[in-house]
Amino acid sequence: MLVGIGPGSVEHMTQRARAAIAEADVVIGYVTYIKLVADLIEGKEIIRKSMTEELDRAVSALEGARAGKKVALISSGDAGVYGMAGPTYEVLFQAGWTPDDAVQVEIVPGASALNSCAALVGAPLTHDFCAISLSDLLTPWPTIARRLDAVAMADFVVALYNPKSGRRTRQIVEAQRLFLRHRRPDTPVAIVKSGYRRRQNIVFTTLDCMADADIGMLSTVLIGNSNTFVRHGLMVTPRGYANKYDMEEGGATREGEKAGRSLSTGLLGWLDTLREEHAAGASIATLAARHRLPADYIQSTLDEPWEADAAPANEESES
């Protein structure tokens with residue numbers, strides 16, 4: 001069993017995670033994770049491993065399972081989000097394991113750091129977001145940097161995992177540098193350290209001050225998008241209702257918008273605008289620069305024949 005134990009407090013562990021640990025003969029995990037479940041493992045065989053021994057944990061789990069023992073291999077957060085699920089499947093496949101093997105695998109999901117930290121600071125993830133690890137122990141820095149630059153340009157809310165350690169201190173500075181190429185210096189940032197654990201600490205700051213904050217391996221850094229704001233100590237990313245509804249007018253639909261239909265600036269409205277701009281003389285290169293999209297995409301979109309959206313409003317479920 002690959003068990004995600006959530007952020008670290010028993011109260012935030014799922015019932016299935018607790019049951020899986022209770023069922024196990026052997027519990028394997030990083031020493032810190034073993035401490036987090038100390039109240040649940042009395043009388044069990046415990047295998048503690050250090051950081052960077054992820055594959056050893058998976059190998060030990062397979063050996064235990066092959067010996068007929070029920071094994072709980074624990075990860076903090078979710079086993080499938082920067083957790084042990086991937087390394088374990090790699091070890092299993094290397095050993096010739098298939099899903100019909102006598103050793104059966106169950107992945108028990110848990111709340112990942114981005115869910116947990118978001119809950120502590122407000123509602124920063126209520127629009128498109130992504131997660132990027134700054135650890136270059138297994139991923140080349142140019143790959144990480146390209147991903148940072150791309151998501152910064154694309155205006156995602158971003159959760160940075162593994163932002164800094166005793167030996168990796170410059171990565172967060174480089175991340176800040178890349179984000180400042182595309183984002184305002186006052187973009188809200190929340191830094192959650194040891195969320196839901198004994199030494200929990202939450203700091204709100206801004207993008208231009210982010211790298212100066214107290215950040216470590218137990219921190220998760222949440223960088224807002226261009227609409228994210230902080231009010232009364234809560235970080236919130238709007239869903240976009242204000243684009244369609246005027247809340248100062250009792251939630252009335254704005255002129256040109258319809259409830260249950262795409263925005264006037266949605267795909268079809270944007271295509272109309274694009275065709276009008278092109279017909280008025282705007283070149284493909286100009287349109288590409290104006291809309292910050294690839295020129296070949298602009299060209300192929302204009303070349304594609306299309307019909308106006310005829311779907312009735314009740315076929316769409318969004319507001």
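Here the structure is a predicted model, which is why all the values come from computation and not from measurement. Along the sequence shown, residues are numbered consecutively beginning with 1. All values below come from the heavy atoms of this structure, side chains included, with hydrogens, waters and symmetry mates left out.
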Peer 1: Provide the closest heavy-atom pair for Y196 versus S116 in the form atom of the first, atom of the second, distance.
Peer 2: CE1-O, 3.5 Å
Peer 1: Can you list the steps and then say if D149 with H182 is a side-chain hydrogen bond (donor to acceptor under 3.5 Å, both in side chains)?
Peer 2: CA-CA 8 Å; D149 189 63; H182 305 283; 2.8 Å; yes
Peer 1: For residues Q176 and A211, report the shortest heavy-atom separation together with the two atoms involved.
Peer 2: OE1-CB, 3.4 Å
Peer 1: Less than 4.0 Å between a side-chain N and a carboxylate O, is that true for R170 and E174?
Peer 2: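 Yes, E174 and R170 are salt-bridged.
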Peer 1: Once you round to the nearest 0.5 Å, how far does CD1 of I47 lie from CD1 of I34?
Peer 2: 9.0 Å
Peer 1: So does E53 have more than 12 non-hydrogen atoms from other groups sitting under 6.0 Å from CD?
Peer 2: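 Buried by this count: over 12 neighbours within 6.0 Å.
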Peer 1: Among pairs that include at least one residue of residues 24-58, which meet ring-ring contact (aromatic ring centres under 6.0 Å, His included), considering only residues two or more places apart or in two chains?
Peer 2: Y30-Y33
Peer 1: Check the surroundings of atom CD in E42: do more than 12 heavy atoms from other residues, nucleotides or ligands lie under 6.0 Å from it?
Peer 2: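 Atom CD in E42 is not crowded, with 12 or fewer foreign heavy atoms closer than 6.0 Å.
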Peer 1: Side chain to side chain contact (heavy atoms under 4.5 Å, CB included) between L73 and R57: does it pass, once the steps are laid out?
Peer 2: CA-CA 8 Å; L73 177 53; R57 291 178 227 166; 3.8 Å; yes
Peer 1: Less than 4.0 Å between a side-chain N and a carboxylate O, is that true for E54 and K49?
Peer 2: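 Here K49 does not pair with E54 in a salt bridge, since their nearest N and O are not under 4.0 Å apart.
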Peer 1: Please say yes or no: joined through hydrophobic side-chain contacts below 4.5 Å, possibly via intermediate residues, are W141 and V173 part of one cluster?
Peer 2: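 W141 and V173: one cluster.
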Peer 1: With a 4.5 Å cut-off on side-chain heavy atoms, are V230 and P188 touching?
Peer 2: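 Counting from C-beta outward, P188 and V230 do come under 4.5 Å.
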Peer 1: What's the separation between atom OG1 in T220 and atom CD1 in I191, rounded to the nearest 0.5 Å?
Peer 2: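 One gets 10.5 Å once the value is rounded to the nearest 0.5 Å.
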Peer 1: Is there a side-chain contact between L222 and V189, using heavy atoms and a 4.5 Å cut-off?
Peer 2: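 Result no, sub-4.5 Å side-chain heavy-atom pair not found.
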Peer 1: Quick one: does any side-chain atom of S219 pair with a main-chain N or O of K193 as donor and acceptor, under 3.5 Å?
Peer 2: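 Not at all, since once roles are kept as given, no pair shorter than 3.5 Å links the two residues.
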Peer 1: Is there a side-chain contact between V37 and I21 in this structure, where contact means two heavy atoms from C-beta onward sitting under 4.5 Å apart?
Peer 2: yes
Peer 1: Which distance, rounded to the nearest 0.5 Å, do you find between the CG of L218 and the CG of N201?
Peer 2: 11.5 Å
Peer 1: Which donor-acceptor pairs under 3.5 Å do side chains of residues 59-66 form with protein atoms, sequence neighbours excluded?
Peer 2:
{"unit_1": "S60", "atom_1": "OG", "unit_2": "D56", "atom_2": "O", "d": "3.0"}
{"unit_1": "R66", "atom_1": "NH1", "unit_2": "D101", "atom_2": "OD1", "d": "2.9"}
{"unit_1": "R66", "atom_1": "NH1", "unit_2": "D101", "atom_2": "OD2", "d": "3.3"}

Peer 1: Which pair of non-hydrogen atoms, one from G29 and one from I74, has the smallest distance, and what is that distance?
Peer 2: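 It is CA-CG1, 4.0 Å.
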Peer 1: Working to the nearest 0.5 angstrom, can you tell me the gap between I132 CD1 and L160 CG?
Peer 2: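 Going from the CD1 atom of I132 to the CG atom of L160 covers 7.0 Å.
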Peer 1: State plainly whether one hydrophobic cluster holds both L92 and L55, where clusters connect Ile, Leu, Val, Met, Phe, Trp and Tyr through side-chain heavy atoms under 4.5 angstrom apart.
Peer 2: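 In one cluster: yes.
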Peer 1: Does L40 reach the side chain of M13, with side-chain heavy atoms less than 4.5 Å apart?
Peer 2: yes
Peer 1: How long is the gap from CD1 on I46 to CD1 on I28, to the nearest 0.5 Å?
Peer 2: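 Reported to 0.5 Å precision, the distance equals 9.5 Å.
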Peer 1: Are there over 12 heavy-atom neighbours, none belonging to Q104, within less than 6.0 Å of that residue's CD?
Peer 2: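 Yes - once you tally the heavy atoms of other residues, nucleotides and ligands closer than 6.0 Å, there are more than 12.
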Peer 1: Identify the heavy atoms of I284 and A295 that sit nearest to each other, and give their distance.
Peer 2: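 Nearest pair, atom of I284 first, then A295: CG2-O, 3.5 Å.
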Peer 1: Hey, does R18 have a side-chain heavy atom less than 4.5 Å from the side chain of I5?
Peer 2: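 Of all side-chain heavy-atom pairs linking R18 with I5, none is under 4.5 Å.
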Peer 1: Do we see a donor-acceptor contact under 3.5 Å between the side chains of H278 and Q299?
Peer 2: no
Peer 1: Within the distance-only criterion (no hydrogens, no angle test), does the side chain of N225 pair as donor or acceptor with the backbone N or O of V157 below 3.5 angstrom?
Peer 2: no
Peer 1: Any heavy-atom pair between the side chains of I223 and R183 that's under 4.5 Å?
Peer 2: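 Side chain of R183 against side chain of I223, heavy atoms only: contact under 4.5 Å found.
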Peer 1: Could you walk me through whether L287 and L302 pass the side chain to side chain contact (heavy atoms under 4.5 Å, CB included) test, one step at a time?
Peer 2: CA-CA 11 Å; L287 293 173; L302 288 171; 4.3 Å; yes
Peer 1: For A85 and G80, work out which heavy atoms get closest and say how close.
Peer 2: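 Reported closest heavy-atom pair: CB-CA, 3.9 Å.
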Peer 1: Can D186 and T206 be counted as having a side-chain donor-acceptor contact under 3.5 angstrom?
Peer 2: no
Peer 1: Look at the side chain of N115 and the backbone N and O of S112, then say whether any donor-acceptor pair between them is shorter than 3.5 Å.
Peer 2: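 Yes, N115 side chain to S112 backbone: donor-acceptor pair under 3.5 Å.
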Peer 1: Judged by atom type as modelled, is there a donor-acceptor pair below 3.5 Å linking the side chain of T126 to the main-chain atoms of R239?
Peer 2: no
Peer 1: Take Q200 and L120 through the side chain to side chain contact (heavy atoms under 4.5 Å, CB included) test and state the conclusion after the steps.
Peer 2: CA-CA 10 Å; Q200 174 181 297; L120 286 168; 3.6 Å; yes
Peer 1: Are L274 and L267 joined in one hydrophobic group, where the rule is that I, L, V, M, F, W and Y side chains link up if heavy atoms are under 4.5 Å apart?
Peer 2: yes
Peer 1: For residues Y161 and Y82, establish whether the separation of their ring centroids is below 6.0 Å.
Peer 2: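 Yes, the ring centres sit under 6.0 Å apart.
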Peer 1: For F129 and L125, which heavy atoms make the closest approach, and how far apart are they?
Peer 2: CD2-O, 3.6 Å
Peer 1: For Q171 and P163, indicate whether the former's side chain and the latter's backbone hold a donor-acceptor pair under 3.5 Å.
Peer 2: no
Peer 1: Is it the case that the side chain of K244 and the backbone of R261 share a donor-acceptor pair, with hydrogens and angles ignored and the cut-off at 3.5 Å?
Peer 2: yes
Peer 1: Measuring only between side-chain heavy atoms, which start at C-beta, is T301 closer than 4.5 Å to W270?
Peer 2: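 A side-chain contact under 4.5 Å exists here.
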Peer 1: Measure from the side-chain N and O atoms of R197 to the backbone N and O of P7, and report whether any donor-acceptor pair falls under 3.5 Å.
Peer 2: yes
Peer 1: Measuring only between side-chain heavy atoms, which start at C-beta, is M235 closer than 4.5 Å to T228?
Peer 2: yes
Peer 1: Under 3.5 Å, side chain of D78 to main-chain N/O of G110, donor-acceptor pair present?
Peer 2: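 At least one qualifying donor-acceptor pair exists.
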Peer 1: Any side-chain donor paired with an acceptor under 3.5 Å for H127 and N227?
Peer 2: no
Peer 1: Find out if a path of hydrophobic residues (ILVMFWY) with successive side-chain heavy-atom gaps under 4.5 Å connects L148 to V221.
Peer 2: yes
Peer 1: Go through it in stages, so that I can follow the logic: the residues are V3 and V27, the test is side chain to side chain contact (heavy atoms under 4.5 Å, CB included), and I'd like the CA-CA distance, side-chain angles, deciding distance and then a yes or no.
Peer 2: CA-CA 10 Å; V3 183; V27 177; over 6 Å; no
Peer 1: Is the backbone of R168 close enough, under 3.5 Å, to the side chain of S165 for a donor and an acceptor to pair up by distance?
Peer 2: yes
Peer 1: Check the angle between the aromatic planes of W97 and Y89 and answer parallel, tilted or perpendicular using the 30° and 60° thresholds.
Peer 2: tilted
Peer 1: Side-chain heavy atoms under 4.5 angstrom apart, residues restricted to Ile, Leu, Val, Met, Phe, Trp, Tyr: same cluster for I144 and L207?
Peer 2: yes
Peer 1: So how far is it from Y297 OH to H291 NE2, rounded to the nearest 0.5 Å?
Peer 2: 10.5 Å
Peer 1: Hey, are S264 and E257 close enough side-chain-wise for a donor-acceptor pair under 3.5 Å?
Peer 2: yes
Peer 1: Working note: E23 + K44, criterion salt bridge (charged side-chain N to carboxylate O under 4.0 Å, His left out); need CA distance, chi angles, decisive distance, verdict.
Peer 2: CA-CA 10 Å; E23 294 167 14; K44 299 182 182 297; over 6 Å; no
